[in-house]
Every structure is written in C-alpha cells, then in structure tokens.
**Student:** 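Can you keep this structure in mind? I'll have questions shortly.
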Number of protein chains: 2
Amino acid sequence: MAIARTGSNLSQIAALLGVSSATVSNALSGKGRVSAELTEKIRATAADLGYTPSLTGRALRTGRTGVLGLVLPDIANPLFPQIAQAIEYAASNAGYGVLIADSRGSVALQTDAINRLIERDVDGIIIVPRLGTRIADIDCPVAVIDSPSTPGNTVSADHWQGGQAVVEHLVSLGHRKFLLIGNNPASNVQNDRIGGMKSCVPEDGHADVLWIERHEQSHGKGSLLGLQKKVEAGFTAFVAISDLHALRALTELQRAGVAVPEDVSVTGFDDLVWSSVITPGLTTVRMNTAEIADVAIAALVRVIEADAGSAIPAGPVVAAKRSSVPMQLVVRQTSGPPPKAQIA
Amino acid sequence: MAIARTGSNLSQIAALLGVSSATVSNALSGKGRVSAELTEKIRATAADLGYTPSLTGRALRTGRTGVLGLVLPDIANPLFPQIAQAIEYAASNAGYGVLIADSRGSVALQTDAINRLIERDVDGIIIVPRLGTRIADIDCPVAVIDSPSTPGNTVSADHWQGGQAVVEHLVSLGHRKFLLIGNNPASNVQNDRIGGMKSCVPEDGHADVLWIERHEQSHGKGSLLGLQKKVEAGFTAFVAISDLHALRALTELQRAGVAVPEDVSVTGFDDLVWSSVITPGLTTVRMNTAEIADVAIAALVRVIEADAGSAIPAGPVVAAKRSSVPMQLVVRQTSGPPPKAQIA
DNA sequence: CAGGGTTGATTAATCGATTAATCAACCCTG
DNA sequence: CAGGGTTGATTAATCGATTAATCAACCCTG
C-alpha cells in the first residue's frame, strides 16, 4: 500500500464538489472548458483545503520534473555561494527547483555528478565547468557558465572587459609597471582576465605575469610570492585575477612593510565577502551574478518548454540572447596613485 | 500525450523477456520470489538496455521522493560551500538528492524556502538556521545544524570546545590578556565559542569581548575596530569567532605597523579557504563538516525510512546519536609567544 | 492418491495529475 | 423540426514502478 501524502489531492476536491477530477484539473490550470461559476467554486475549495498539486504526479504524466541540476566545480572557489544563490533565485522565480551536484574538483566526479542529476530526471543542467573541462554529450539541455571565449559557453561575465576596467583605472592613476597575478593558465576565465588587462597596458608601460600554480611547483605550496623583490624592481601595481590572490599579495606586502596603497596598489576580482572588511578595503571587479543567472535560466527554460514540439534539440548546450554580461569596477582603498618617484 | 522518457522502463524489459513487469521489478529489487535463473536474465537485459528506474514513478507509488532539502542562511557566510558539499556528499552516499533553498538572510524568506521544499515533496530537510530563528512547525523530518546549546539542535560542531582549544593554545604560549572578537551576541554559535574561550582564561588573565555589529552601529560599517589602542592597552591575543573577523583584525593590525605574531597573536575560526594562503598563515579552528553531515543525514534517513511504520513522528526535529562533533585546532603562523616584556 | 504447502510467476490496483476522446444537453438556423 | 455547432462536463487511458492478492504447477506426506 502506498503511503498517502499529507495534503489533499485533486480527487478529494472533486469528490467534495461532486465533479470529476478532470474538471478540477482543468479549472485550476485554466485549460479545457469549465464554467466560470464552477471554476470559482473549485478555486475556493482548493484554497480552503490548502491544496498544492503533487509535483511528482504531474512530473510522471508530463515528463517534466520542474527541477534543474547545478553542477559546481571545486568548492574551494569562494564565489560559488553567490552563483548558487543567484541560480536558485532565478530558477525559483521561473518555477524550478535546483538540485546540487558537486564535482569535487575532479573531471571523473563531474561526470558522475551529471549522471546522478540525469537519473533524477532533471529538465536541464547548469554547469560551471572545472578548468578546461569539455562537456561530454549530455542527454538534456545544458547551460554553461564559463567565459565568453569558451566554445559552447552559454553566458558568463565579460572577464576580458573586467580586466580592461581594472587596468584602465590603474593607468589613469599613473601606474605603468604591472605585475599580473594568475593561478592557472589553463583556465579560460583567468586567461580572459589577464588578456583584458594586458590589452590596456600603454605603450610606455610594462606587464609581467606571475602564475601562482607554477610558482608553487618550484617553491612549494603556500610559499611567499617574492613580491618585495618585484617592488624593488619598480612594479607599482599588483593586479590579481581573484580576490583570493589579491589578499595573499596584500598580506605578503603588508608583512614586508610595503604600504598599500601609498607604495603600491593591489587589486582583485570577484568582490568576495571579505574584500570590503579588510584594511585597507580591496579594489576589485564584481560580476553581475544575478543577471548571469537570469540569462542562463531563461535560455534553459526556453529550450525546455519548447521541447514539447521539437523532440530532439539541435545540440545539448543552449544558446542565450546575451552571452556576456559586463563586470563592474569597485574602487576601494587598495588602489591609489603610485609614489611620486615612480612617475616618470 | 505524455512525453516518453529517453531511457528504457520496466515494461520494455518485461516485453523483451516475455514476463510481467511485476516480475522484473521483483527481480531487480530482490523482493518477492523470482527464480535465480530468471533473475539473472533480467539483470542482464536491464544492464544491456542501460535501464535506470524512473525515480518519479517510484516516488509516486512509494510516497518517498528520495530528495532532501537544504536550507541555508545568509549566503555571506563563507563556510556555506563546505557544509553544502559535505551534505551533498553524505546524502548522495545514502541515495538521496539535495535540493537547495536559500533563505537570503531573512526569516520570512526562510519560511518561504522551507515551503517551497515541502511543495516539492522532500523527504526531509536540513536547516542551518539563521541567527536566533526558531524552526516553525514543519510537516516533515528536520535536522538542525546550529550549536549544541540550541534547543532542538540535531548535530553541530562543539563550538564551546573549539573556543577552549584556541585559548588553551594561546595560554600555553604565555598570553594572558585576550580580546575576544564576536559579531552578534544573538548567535548561539558565537556565544558558545566566546563562552568556551572565556572558560579557559586563567585567573591571572583577563578577557574583553568586542562585538563588531555593536561597534559598527556607533562607528559605521567597515570602520576600524580600534585595535591599535587595544595593543597599547596590553592586549596580546586577538581571538575572533570567525576567520573573516580575524582577517579584518590582522589587516588592521598589519596596516598599523603591529607585527603578527611577534607583537600580538591573531586567531580565527572555521579554516576558510584563504586562511592558509595569507601571510602569515592564520591559526584557526576547523569543524569536521564531513562528520557533521554524516551524522545529520544518518539521523534524518533513520527517521524517514522508519516512517513507514509509525505514521506520525514524535516531533519534526530528529535526534542524532551524537549531537556534537569536536573541532580541531589548526596552528599556523599568526599565533606565537607574546613579546618578552609582556610576560609578567 | 487426496490435500496441504511451497515455488514462481501473473493480475490488477494504486500513487496524482493530465489530456485526448467522448458525450449529453442545449442553442440555433434554414 | 431536423440537424450542425457549441458548451460544459465526464470517461478512460496514461506516465513508471510497486505490491497485495491471486493462481497454476508441482512436491510431499500421511
């Protein structure tokens, strides 16, 4: 014997009013033909009973569960909560629930995570892919949030433009010698940011790139980045592709007695939670997660709800109307003019 | 016409072998009586067809969806991803999916979030409650992860013991004058941590508490905490209830020219991602999120799967076998002996 | 060898909602 | 007033899996 749900169901309403459950379904969904009078009565009793439709029953019949899957990369990325929140909010507004699946930093587990979601019959999947992963063939609509230069990207922040914005800001303050700090050159996101930064270095300026993962391979994990020597070599702007690395740079410089922003400027990316409370407050670039989530969900929902007609979607990865959303520069206290001596 | 699922179903296997779908169901689930020979044949064809049971069909029949809801407080808490990851992992191992719902920092939205989950027929809910929220009556089993001193708490880290561990460490280094840094005294978690810290201050020592939210009400959001004056007043240990506040303290002190750990020690809580990469590395206390998640999920699953017998559970909030899980001290570079002059 | 017990299967109902097909009643119109 | 059209409802099938009830075949045992 199946276990009865706590709430009421269509047949209960139908029995109470002496009509068929089909009529109740039609009345509540506005489909079919039901007299205005009866519709009103059905609405009223449904409200009285606190009726909520069984999404399971509906899912079985319609083949749509109303649930989206969200696949996230390595949890270490502190931007994750913001993205997850934005996706959940946008999905919820569109009438969808969000199942999470964690790829725990490994490509194999990412595939497992996707398969778990598909087994649960999600209507679509949003993937924030792990570094350089290609999305394998997936049997449902997929939205990819990575970077505009990634093939198959659905929507993402305009990381290149974000990189431009922060370097333009520093150039206008008078900086000419930049140390760009990245982590892993295999990341499309990081490459876009670095690329945008480089594109704005003026002809009389200079930019070096420090890749942290490479540096740590030779110097050991968590080792100093040797920034003090860079300061001595005349670098005045330390431009990181993440607040995490900016923070690392900032504390290393402070510890070495280099004053920020008086001696050098430090900037980050992503506006993570701590950026506003540290001293000095971190100048950074913020992505519009709400907008990105809205676009991704809208694109996904459009394909899902059109799917009734065309059985086979063209490709699994959906396209959005806008594929990139501008980033916004947030100026706080870690960026300022370089010391007088440095200005040529 | 309902939309057919992409995969195969029980009746397809049944038709292929010329048996009834009931037999296929029995064979695959190991229930009922099916000959060993036939069971083997059914298993083989199921594997051939790549059969995965429709969880929707099963859910409708059994009344259990195999999905848990996870309600998270304000996303600003950077510990969230670790908890979410641990919960998802534990749930997945127990055969459950995890739907997320964000309470976005408001009690009203927390209730909305819970209702959305219930509408989706989750089998149980895990709540990491917002500051001082009481869990309203909920129509399904609930596990609460807050603090051992919270009434109705299911399981959590032993925040009191964590507070003890960090102050014991500092006392053994020679510290006697402590500034304990909290945010909001209405939080059970924060109160437990502060309480544990205080309980380990020796008789010849002293501890003051700085509540940041109160401080900001009079001094403005993001204002300096006035720690330099505290250093001048002889405080040598700054013990925060979160790495976020420890980071704030650390940068403020470094900026003011106070050397950490030579002049003063700074410690945090939660071992957030950046704690290991900043310079100097932050001494902190880590919670065993995996263990907490395992206990919470186990308690929830126990009630859910016993529910078949007893229709009405005693109360919605489930109890666990262990209600508190010890925290672990992680010693890095921000803690050291106080300057010689300060040792009496 | 009659009749109780076991084995290994099938039948049919069920969970809840949706929807194509059908039907009764009524309204018109030529 | 016969017959086509519309209105407002119902009937019945369906999505996929589960499971209580039933049944046929066979095996024993007294």
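So that the names make sense, note that chain A is the first sequence line, chain B the second, and so on, each numbered from 1.
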**Student:** Roughly how many Å is it from CG in A:L10 to P in D:dT14, rounded to a whole number?
**Tutor:** 20 Å

**Student:** Nearest whole angstrom, please: distance from the P of C:dG16 to the CD1 of A:I13.
**Tutor:** 12 Å

**Student:** Between D:dT18 atom C1' and B:L55 atom CG, what is the distance in whole Å?
**Tutor:** 14 Å

**Student:** Could you tell me which residues satisfy side-chain contact (heavy atoms from CB on, under 4.5 Å) with A:A94, sequence neighbours excluded, listed by chain and number?
**Tutor:** A:Y96, A:I297, A:V301

**Student:** Any side-chain to backbone donor/acceptor pair from B:T65 onto B:D121? Under 3.5 Å, distance only.
**Tutor:** yes

**Student:** To the nearest 0.5 Å, what is the distance between CD1 (A:I127) and CD1 (A:I145)?
**Tutor:** 10.5 Å

**Student:** Go through D:dC15, C:dC15, C:dA17 for me and flag the one nearest to the A:L60 side chain.
**Tutor:** D:dC15

**Student:** The test is side-chain hydrogen bond (donor to acceptor under 3.5 Å, both in side chains); show your working for B:S92 and A:R116 and say whether it passes.
**Tutor:** CA-CA 9 Å; B:S92 172; A:R116 278 205 304 278; 3.2 Å; yes

**Student:** Side chains of B:L28 and B:T39, heavy atoms from C-beta outward: is any pair under 4.5 Å?
**Tutor:** no

**Student:** Convert the base pairs of DNA chain C into dot-bracket notation, remembering that pairs crossing earlier ones are written with [ ] and that bases paired across to another strand are shown as |; include only Watson-Crick or G-U pairs under 3.5 Å.
**Tutor:** ||||||||||||||||||||||||||||||

**Student:** Rounded to whole Å, how long is the line connecting atom CZ of B:R61 with atom C1' of C:dC15?
**Tutor:** 7 Å

**Student:** For the pair made of CZ in B:R64 and P in C:dG16, what is the distance, rounded to whole Å?
**Tutor:** 15 Å

**Student:** What pairs with A:E291 under salt bridge (Lys or Arg N to Asp or Glu O under 4.0 Å), at least two apart in sequence or on another chain?
**Tutor:** A:R322

**Student:** It should be established whether B:S54 places a side-chain nitrogen or oxygen under 4.0 Å from OP1 or OP2 of nucleotide D:dA17.
**Tutor:** no

**Student:** Any chance you could measure A:N288, atom CG, to A:Q82, atom CD, to the nearest 0.5 Å?
**Tutor:** 11.0 Å

**Student:** Reading nucleotides 6-11 of chain D 5' to 3', which nucleotides get B (base under 4.0 Å from a protein heavy atom), which S (sugar-phosphate only), which -?
**Tutor:** -BBBBB

**Student:** Could you check how far CZ of A:R58 sits from C1' of D:dT14, rounded to whole Å?
**Tutor:** 16 Å

**Student:** Measure CG/B:N9 against C1'/D:dT18 and give the value in whole Å, please.
**Tutor:** 14 Å

**Student:** Picking from A:V67, A:V71, A:D112, what satisfies side-chain contact (heavy atoms from CB on, under 4.5 Å) with A:L117?
**Tutor:** A:V71

**Student:** Could I get the full list of side-chain contact (heavy atoms from CB on, under 4.5 Å) partners for B:A22, not counting sequence neighbours?
**Tutor:** B:S20

**Student:** In whole Å, I'd like the distance from the OH atom of A:Y51 to the P atom of C:dG16.
**Tutor:** 10 Å

**Student:** Does any residue of residues 42-49 of chain B have a heavy atom under 4.0 Å from DNA chain C, and if so, which ones, in number order?
**Tutor:** none

**Student:** Could you state the interatomic distance from CG (B:L17) to CD (B:Q12), rounded to the nearest 0.5 Å?
**Tutor:** 12.0 Å

**Student:** Does A:P129 offer a backbone N or O that forms a donor-acceptor pair with the side chain of A:D146 under 3.5 Å?
**Tutor:** no

